[in-house]
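Structure first, then comments.
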Amino acid sequence: MKIDILTLFPGMFEGFLNESIIARARKKNHVQINVHDIRAYSKDPHKKVDDYGYGGGKGMVLMPQPIFDAVEDLKTEESKVLLMTPQGEPYKQEKAYDLSKEKHLIIICGHYEGFDERIRSLADMEVSIGDYVLTGGELASMVITDSIVRLLDGVIAKDSHIQDSFHENLLDYPVYTKPEDFRGMKVPAVLLSGHHKNINEWRYEEQRKRTKLRRPDLLEKR
Ligand code: ADE
């Protein structure tokens with residue numbers, strides 16, 4: 001898979017791209033991620049990318065020209081264009097599974113007080129990562145990229161997705177490691193029993209209990 005990210009702040013992506021699982025996935029060629037500076041596409045002599053909004057009001061508005069040129073430069077028939085905005089469709093694990101099957105994603109990060117409304121016409125999908133407003137779409141694009149890359153073949157062990165929270169609308173079960181007794185808090189005996197059927201039953205029951213208590217809305221979707 002290839003992911004092209006359009007941003008005014010490429011520096012924000014350095015840690016994200018060069019650490020942990022994303023760095024390893026890139027190195028092993030499971031994904032190619034390119035970060036593009038929107039400013040580089042500006043045709044303005046001063047590389048201007050935003051201006052005052054028509055009709056007045058607060059703040060600067062991202063201009064359409066650099067974003068249109070960037071998308072037109074990168075887009076092929078296989079591309080899907082995502083626009084990060086708090087007004088977008090709420091992002092869910094299910095969407096991560098869908099997007100992980102795409103060949104090429106172009107992700108546009110909005111910034112400042114907003115972007116020119118005409119930029120919306122470039123997007124196949126507008127995405128929000130939650131009901132709060134970030135300073136820009138960069139963190140949202142990293143959240144989405146991370147959630148997709150970990151699902152690509154070979155990036156992490158396959159059965160770890162099956163155990164993920166939200167898989168089949170259930171939260172994950174509790175896990176423990178050494179020691180068996182930490183400050184009087186004991187590992188449940190069934191996990192030490194070596195009895196796999198009982199362990200699986202216990203885990204499934206814990207998933208249901210936990211989901212009912214914390215996210216009853218998910219159980220309704222099952
Ligand atoms: N840009 C600013 N806030 C955002 C959000 N919640 N989701 C996606 N993009 C954003």
Side-chain angles (χ1 to χ4, degrees), residues 1-17 19-22 31 33-42 48-55 57-71 74-75 79-102 104-152 164-166 169 171 214-215 217-218 221:
M1 171 185 264
K2 186 171 152 199
I3 304 178
D4 285 298
I5 301 174
L6 306 182
T7 172
L8 287 171
F9 301 99
M12 285 180 73
F13 291 82
E14 268 161 38
F16 172 65
L17 292 178
E19 298 285 346
S20 185
I21 291 174
I22 302 297
V31 65
I33 305 175
N34 307 308
V35 177
H36 305 269
D37 189 346
I38 292 170
R39 206 172 288 281
Y41 285 92
S42 172
K48 206 166 138 82
V49 288
D50 54 9
D51 213 327
Y52 296 101
Y54 284 118
K58 58 185 166 70
M60 304 294 271
V61 177
L62 212 49
M63 294 152 111
Q65 177 272 314
I67 312 263
F68 269 73
D69 282 8
V71 170
L74 299 166
K75 199 173 165 169
S79 315
K80 189 149 210 173
V81 181
L82 309 182
L83 177 62
M84 301 298 106
T85 160
Q87 297 179 17
E89 183 181 319
Y91 191 64
K92 299 269 157 59
Q93 184 65 26
E94 218 179 312
K95 189 54 79 177
Y97 285 118
D98 288 349
L99 291 174
S100 70
K101 291 170 194 132
E102 296 287 340
H104 181 211
L105 299 176
I106 299 175
I107 307 183
I108 306 170
C109 306
H111 222 274
Y112 303 134
E113 269 72 17
F115 47 80
D116 187 287
E117 188 66 15
R118 291 163 288 193
I119 290 171
R120 292 211 137 91
S121 68
L122 290 170
D124 295 304
M125 184 188 168
E126 297 186 22
V127 183
S128 164
I129 61 159
D131 288 345
Y132 39 80
V133 181
L134 302 165
T135 54
E138 283 73 16
L139 289 169
S141 74
M142 289 185 234
V143 166
I144 281 165
T145 301
D146 188 281
S147 70
I148 293 167
V149 171
R150 66 186 287 286
L151 296 176
L152 299 177
D164 280 346
S165 281
F166 307 112
N169 287 310
L171 298 181
R214 298 180 186 205
R215 293 292 305 275
D217 58 304
L218 292 178
K221 287 194 208 150

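Note that the numbering runs from 1 along the sequence shown for the chain. Atoms within each ligand, like the ligands themselves, are counted from 1 in listed order. In what follows, every heavy atom counts, from backbone to side chain, and hydrogens, waters and symmetry copies are set aside.
Looking at heavy atoms from C-beta onward, V61 lies out of side-chain contact with Y52 at the 4.5 angstrom threshold. Contact check for L74 versus N34: no side-chain heavy atoms found under the 4.5 Å cut-off. Within the 4.5 Å cutoff, side-chain heavy atoms of S121 are placed close to those of F68. Between I148 and M1, some side-chain heavy-atom pair lies under the 4.5 Å cut-off.
Contact record, M84 with I107: CE-CG2, 3.6 Å, taken as the closest heavy-atom pair.
Between A140 and ligand 1, no pair of N/O atoms sits closer than 3.5 Å.
For L139, the heavy-atom gap to ligand 1 stays at 4.0 angstrom or more. Remark: distances from the non-hydrogen atoms of G110 to ligand 1 are all 4.0 Å or more.
Note that NE2 of H104 and CG of D4 are 3.5 Å apart. Values are rounded to the nearest 0.5 Å.
Here the shortest heavy-atom distance to atom 7 (N) of ligand 1, taken over V143, I129, I144, L134, belongs to I129. Taking all heavy atoms of P90, P86, G88, S141 into account, the minimum distance to atom 1 (N) of ligand 1 is reached by P86.
For ligand 1, the atoms lying closer than 4.0 Å to a non-hydrogen atom of G136 are 1 (N), 2 (C). Near S128, meaning under 4.0 Å from any of its heavy atoms, are these atoms of ligand 1: 6 (N), 7 (N), 8 (C). Here is the list of ligand 1 atoms found below 4.0 Å of a heavy atom in V127: 8 (C).
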